[in-house]
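Working notes, structure below.
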2 protein chains.
Amino acid sequence: MSTLGLKLRELREQAGLSLRKAAMQVDIDVAVLSKMERGERKFSKELVLKLADLYKANSDQLVIDFLSEKVLYELEDEDFGLEALKVAEKQMKYKKQKNV
Amino acid sequence: MSTLGLKLRELREQAGLSLRKAAMQVDIDVAVLSKMERGERKFSKELVLKLADLYKANSDQLVIDFLSEKVLYELEDEDFGLEALKVAEKQMKYKKQKNV
DNA sequence: TTACCTTTGACAAAATAAGTCAACACTAAA
DNA sequence: TTTAGTGTTGACTTATTTTGTCAAAGGTAA
């Protein structure tokens, strides 16, 4: 289901950390991390960064996944989701170029 | 600032409706509609549809603008916003194709 | 003045998200 | 068969965000 959750779970396991220990390190409740890894609760960007750091993983792609998931969540079941993404992309490029 | 707000304001004026009257027709407070048209508050999709109907305008592009604005709002000031959009697009296409 | 118009800010209420906790079920080692 | 570890669940509280309501202001024109 959740790409980000899966990835972070794998990274945690690769780092040899239990859910409890990882949660403690980043200062959240175990229950919450468990739910986040299984896509039952949303990550925050800050937490993603903390976890990337803890797992010694590169955070860029994780942040991209985080944002992308957030966007997809907003657009799920929308008939014009794809069109909306294209418009958003166009506007973002414009803004970037124009520095608005 | 807000494309959608501007568009809906223009449509309202073209329909010859005052803010008060339009707001009354769609059953919201004038203050709220005023703020929405100026981008100070967010539209809901339902309201966009109601307004499109009231102004006798085609709602498709308005809904696309609405969604796109929502997405851009989530991604504003994000370094990886564009990358996130691309990932989201890819996943959405995949989902659509696979019917997941 | 009167009668409209839009905008503003302050506040209350409702809805969502985030945090906390205790208990459960499972596995494996002692 | 205890003990200690694992992850999961649900109920609950608290905090934050969003939404709705209202009154008043300032503008314009008859």
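Quick caveat: nothing in here was measured; it's all calculated off a predicted structure. Residue numbers start from 1 in every chain, and the chains themselves are labelled A, B, ... in the order their sequence lines are given, proteins ahead of strands.
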What string of B, S and - do you get for nucleotides 9-28 of chain D, 5' to 3', when a contact is any protein heavy atom under 4.0 Å?
BBB------SBBBB------
Salt bridge or not between B:K42 and B:E69? Use side-chain N to carboxylate O under 4.0 Å.
no
Are any protein N/O atoms closer than 3.5 Å to N/O atoms in nucleotides 25-30 of chain C? If there are, list each pair with its distance.
none

Ion pair present between B:K70 and B:E74, side-chain N to carboxylate O less than 4.0 angstrom?
no
Distance in angstrom units between A:E37 CD and D:dT8 C1', rounded
12 Å
Salt-bridge test for A:R9 and A:E37: reply yes if a basic N is under 4.0 Å from a carboxylate O, no otherwise.
yes
Between C:dT16 atom P and A:E74 atom CD, what is the distance in whole Å?
13 Å
Atom NZ of B:K21 to atom P of C:dC4: distance rounded to whole Å?
8 Å
Electrostatic pair A:K45:B:E78 at N-O distance under 4.0 angstrom
yes
Less than 4.0 angstrom from a charged side-chain N to a carboxylate O is my criterion; do B:E76 and A:K95 meet it?
no
Using the test side-chain hydrogen bond (donor to acceptor under 3.5 Å, both in side chains), find all partners of A:R41 that sit at least two apart in sequence or belong to another chain.
none
Give the rounded distance in Å between these two atoms: CZ of A:R9 and P of D:dT6.
13 Å
If you count heavy atoms of other groups shown closer than 6.0 angstrom to CG of A:N58, is the number above 12?
yes
Answer yes when A:K50 and A:E46 have at least one side-chain N-carboxylate O distance shorter than 4.0 Å, and no when they do not.
no
Using atom CG of A:L47 as one end and atom P of C:dA17 as the other, report the distance to the nearest whole Å.
17 Å
